[in-house]
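Okay, so here's the structure we're looking at.
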Amino acid sequence: MKQMMLCLVLLFGVGYVHAQVINPPPGSEGETDTTEWRGWSGISMGFKPVKSLSIVWSQQWRWDNDFSSFDRSLQQISCAWSPRWNKFSKAQSLGLALRHTTRPDRKGDVQGNDRFLRWQVEHGAEFDAGRWAFETRIRFQNQQVLALKDGSDPAQEGASKQWRFKGEVGYNIKGFKWDPDFAVERFVAVVPSGWVPDGAWRMRLGTSTKLGKQHKLRVFLQRDVEAPYSPAPPGMTLFEVGAGLDDLRQTGGVEWTVGLQWRYRIKFKKKKSPQGDDISS
């Protein structure tokens, strides 16, 4: 019980740094530093109804503007299936998740909440080589607008679609409980035909440890990099490819994230029937 309370205190005290430098408008000097602190807290709980299937529910709350403004709330339910036919199939997994996000917008004359729904499908694989552990993941995600604060038709807003390709390597240090891991992930946005491909990179250095059989604590340092982007190929205008100024990203951005996660796994006690069969309570 003490371990659970400690995890909750640490979890809800998590923050991460968002750093970005924006080039100034023509005629001005220097660069504008827009470094800000943002807060992120959340909990997740999971269980396995059977050995090959896991289900996880997550709730998160996030703040920005140096913790002064509430940014969003999201809920996600996800499941992953790993067949137990043989060693090869046990190393594979297929996942599906559904996420609901609420973002309050207090700017302008009209205030309210924007709501989004994201679904995703993914394939994962993992294998060990001595003390080394390797993982890969391919994910496709689609986010759509459910409602806008101004009451406009959500159907007029296009869906945001992305492919994500992730590779991770971890190492088990003998006699040490905090095993390190390093991951690289590539985000590839789905853009209209004829546009220049768009994407971003994410690198994460992390470590995790088990606090008993049902608790897991994870700490990580993450760097996200997004470059300037124009949908038009060199020598062509935005108009020629059917793009507008809103599709142009004149400056890139770098985000540094320091994160702390706590997970709790529900385990069902097993009882034996008079006939000797296992029954999950």
Side-chain angles (χ1 to χ4, degrees), residues 42-60 74-100 117-143 161-174 176-188 190 202-218 220 261-281:
I43 56 176
S44 63
M45 302 181 70
F47 71 99
K48 290 187 174 183
V50 294
K51 287 186 177 181
S52 60
L53 180 66
S54 63
I55 300 175
V56 178
W57 171 83
S58 302
Q59 169 71 57
Q60 292 185 22
L74 63 89
Q75 307 81 37
Q76 177 171 306
I77 182 71
S78 58
C79 61
W81 175 57
S82 178
R84 299 282 167 166
W85 304 324
N86 49 48
K87 290 184 178 181
F88 179 78
S89 66
K90 287 174 65 175
Q92 315 289 319
S93 66
L94 297 174
L96 176 66
L98 194 65
R99 172 181 292 190
H100 173 263
L117 184 67
R118 188 180 95 181
W119 59 265
Q120 62 192 40
V121 292
E122 64 185 39
H123 171 269
E126 58 183 31
F127 65 94
D128 298 331
R131 292 188 175 275
W132 294 92
F134 301 89
E135 294 185 20
T136 63
R137 188 186 70 192
I138 301 175
R139 171 185 292 174
F140 176 78
Q141 62 187 40
N142 181 309
Q143 178 170 281
K161 303 177 182 180
Q162 282 190 327
W163 285 93
R164 298 170 60 172
F165 304 89
K166 180 181 178 182
E168 180 176 319
V169 57
Y171 186 75
N172 176 256
I173 302 176
K174 186 176 181 179
F176 189 63
K177 294 183 178 181
W178 295 84
D179 296 331
D181 55 75
F182 179 73
V184 177
E185 187 169 12
R186 175 63 171 169
F187 293 72
V188 180
V190 178
R202 169 176 294 173
M203 288 165 283
R204 175 182 291 182
L205 178 64
T207 182
S208 60
T209 187
K210 290 184 178 180
L211 303 176
K213 296 181 178 180
Q214 297 169 274
H215 307 270
K216 186 175 183 179
L217 188 65
R218 176 170 174 77
F220 64 86
Q261 298 177 338
W262 173 69
R263 296 182 180 181
Y264 178 75
R265 179 182 174 187
I266 302 173
K267 286 190 174 182
F268 298 96
K269 294 182 179 180
K270 293 183 178 181
K271 297 180 180 180
K272 289 188 175 181
S273 67
Q275 292 77 17
D277 298 328
D278 287 342
I279 298 178
S280 297
S281 61

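Reckoned from all heavy atoms, side chains included, excluding hydrogens, waters and symmetry mates. Because the structure is predicted, anything quoted here is derived from the model rather than measured.
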To the nearest 0.5 Å, tell me how far [X] [atom1] sits from [Y] [atom2].
{"X": "K90", "Y": "R84", "atom1": "NZ", "atom2": "CZ", "value": "5.0 Å"}
{"X": "W178", "Y": "K210", "atom1": "CH2", "atom2": "NZ", "value": "13.5 Å"}
{"X": "Q76", "Y": "S44", "atom1": "CD", "atom2": "OG", "value": "10.0 Å"}
{"X": "I77", "Y": "R99", "atom1": "CD1", "atom2": "CZ", "value": "12.5 Å"}
{"X": "K166", "Y": "I138", "atom1": "NZ", "atom2": "CD1", "value": "13.0 Å"}
{"X": "F220", "Y": "R204", "atom1": "CZ", "atom2": "CZ", "value": "4.0 Å"}

*asked:* Any salt bridge linking R137 with E168? Criterion: basic side-chain nitrogen under 4.0 Å from a carboxylate oxygen.
replied: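 Looking at R137 and E168, the cut-off is not met.
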_Strictly below 4.0 Å, N to O, side chains only: are R139 and E122 in salt-bridge contact?_
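So R139 pairs with E122 through a salt bridge.
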Return the minimal non-hydrogen interatomic distance between [X] and [Y], and the atom names on each side.
{"X": "K177", "Y": "T209", "result": "O-OG1, 3.4 Å"}
{"X": "C79", "Y": "I55", "result": "CB-CG1, 4.2 Å"}
{"X": "Q261", "Y": "R263", "result": "OE1-NH2, 4.0 Å"}

Donor-acceptor pair, [X] side chain versus [Y] backbone, under 3.5 Å?
{"X": "S82", "Y": "Q92", "answer": "yes"}
{"X": "Q141", "Y": "K161", "answer": "no"}
{"X": "T207", "Y": "D179", "answer": "yes"}

Find out whether [X] and [Y] are in side-chain contact, i.e. whether some heavy atom of one side chain is under 4.5 Å from a heavy atom of the other.
{"X": "V188", "Y": "F165", "answer": "yes"}
{"X": "W119", "Y": "L117", "answer": "no"}
{"X": "R265", "Y": "K216", "answer": "no"}

*Give the ring-plane orientation class for W163 versus F140, where under 30° counts as parallel, over 60° as perpendicular and anything between as tilted.*
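Answer is tilted, since the angle falls between 30° and 60°.
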*If we ignore angles and hydrogens, is there a donor and acceptor under 3.5 Å between the side chains of Q143 and R118?*
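Short answer, no.
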Pairs under 3.5 angstrom only: tabulate donor-acceptor contacts from the side chains of residues 126-136 to other protein residues two or more places apart or in another chain.
{"residue": "R131", "atom": "NH1", "partner": "N172", "partner atom": "O", "Å": "3.3"}
{"residue": "R131", "atom": "NH1", "partner": "N172", "partner atom": "OD1", "Å": "2.8"}

